[in-house]
Amino acid sequence: MSTTFTWNVVNLERETNDGYVFVVHYTVNAQDDTYSAGAYGSLGLERPEGDLIPFADLTEEVVVGWVKEKFGSEKVSEIEAALQSQLDEQRQPTKATGLPW
């Protein structure tokens with residue numbers, strides 16, 4: 001079974017005078033054939049040097065790229081590994097609750 005990781009942008013915080021995006025709110029969802037897990041986060045961005053992409057021209061793909069670039073491949077892998085661990089725990093639980101009677 002293969003796990004699919006999907007990164008989405010759920011909101012952006014920006015300056016209204018020039019459209020500079022300074023905070024990205026994102027989700028990461030992990031899905032296999034049966035189970036799913038997700039994470040939500042916010043990430044602050046520094047003002048880029050040079051021209052800004054006009055706010056109206058931004059795409060989710062571009063902004064997700066910013067998030068992954070700022071995190072770096074090691075942190076992206078760490079987030080996805082944590083979600084994979086949640087799926088693994090759902091598939092084969094190592095903890096349980098209940099009473100013996």
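Only heavy atoms go into these numbers, but all of them, side chains included; no hydrogens, no water, no symmetry mates.
For the pair Ala37 and Leu87, the tightest heavy-atom approach, listed with the atom from each and the gap, is N-CD2, 3.7 Å. In terms of heavy-atom proximity, Glu15 sits nearest to Phe22 at N-CE2, 3.8 Å. Minimum interatomic distance between Thr3 and Phe5 (heavy atoms only, all atoms of both residues): CG2-CZ, 3.6 Å. In plain terms, the two heavy atoms of Ser36 and Gln90 that are nearest each other are O-NE2, 2.9 Å.
Between the OG1 atom of Thr4 and the CD atom of Glu80 there is a distance of 10.5 Å, given to the nearest 0.5 Å.
The closest side-chain donor-acceptor pair between Gln92 and Asp88, if any, does not fall under 3.5 angstrom. For the residue pair Glu61/Trp7, the side-chain donor-acceptor check at 3.5 Å is not satisfied. Thr6 and Gln31 are not linked by any side-chain donor-acceptor pair at a separation below 3.5 angstrom, with hydrogens and angles left out of the test.
Under 4.0 Å is where a charged nitrogen must lie from a carboxylate oxygen, and between Lys70 and Glu46 at least one such pair does.
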Q) Which is it for Val62 and Ile53 under the side-chain contact (heavy atoms from CB on, under 4.5 Å) test, yes or no, and what are the steps along the way? A) CA-CA 10 Å; Val62 166; Ile53 298 172; 4.0 Å; yes

Q) So Trp66 and Val9, side-chain contact (heavy atoms from CB on, under 4.5 Å) or not? Walk me through it. A) CA-CA 11 Å; Trp66 293 346; Val9 175; over 6 Å; no

Q) Under the side-chain contact (heavy atoms from CB on, under 4.5 Å) criterion, do Val64 and Asn8 qualify, and how do the steps go? A) CA-CA 7 Å; Val64 166; Asn8 295 102; 6.0 Å; no

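Remark: Arg91 fails to qualify as a cation-pi partner of Tyr35 under the 6.0 Å distance and 45° angle criteria applied to the six-membered ring.
At least one side-chain heavy atom of Val21 sits under 4.5 Å from a side-chain heavy atom of Leu45. Contact of the His25 side chain with the Leu12 side chain is not registered, since no non-hydrogen atoms from C-beta on lie closer than 4.5 Å. Side-chain contact check for Arg47 versus Leu52: some heavy-atom pair is nearer than 4.5 Å. A 4.5 Å side-chain heavy-atom check between Arg14 and Phe55 finds at least one atom pair inside the cut-off.
Put simply, the side chain of Glu13 never gets that close to the backbone of Val24: no donor and acceptor are under 3.5 Å apart.
Heavy-atom contacts from other residues, nucleotides or ligands closer than 6.0 Å to CG of Asn17 number more than 12. By the neighbour-count criterion of 12 heavy atoms within 6.0 Å, atom CD of Glu69 is sparsely surrounded, having that number or fewer from other residues, nucleotides or ligands.
Val28 and Val23 fall into different hydrophobic clusters, where Ile, Leu, Val, Met, Phe, Trp and Tyr residues are linked whenever their side-chain heavy atoms come under 4.5 Å apart, directly or through other members. Under the 4.5 Å side-chain heavy-atom criterion for Ile, Leu, Val, Met, Phe, Trp and Tyr, Val10 and Val63 are members of distinct hydrophobic clusters.
Relative orientation of the Tyr26 and Phe71 rings is perpendicular, given thresholds of 30° and 60° on the angle between their planes.
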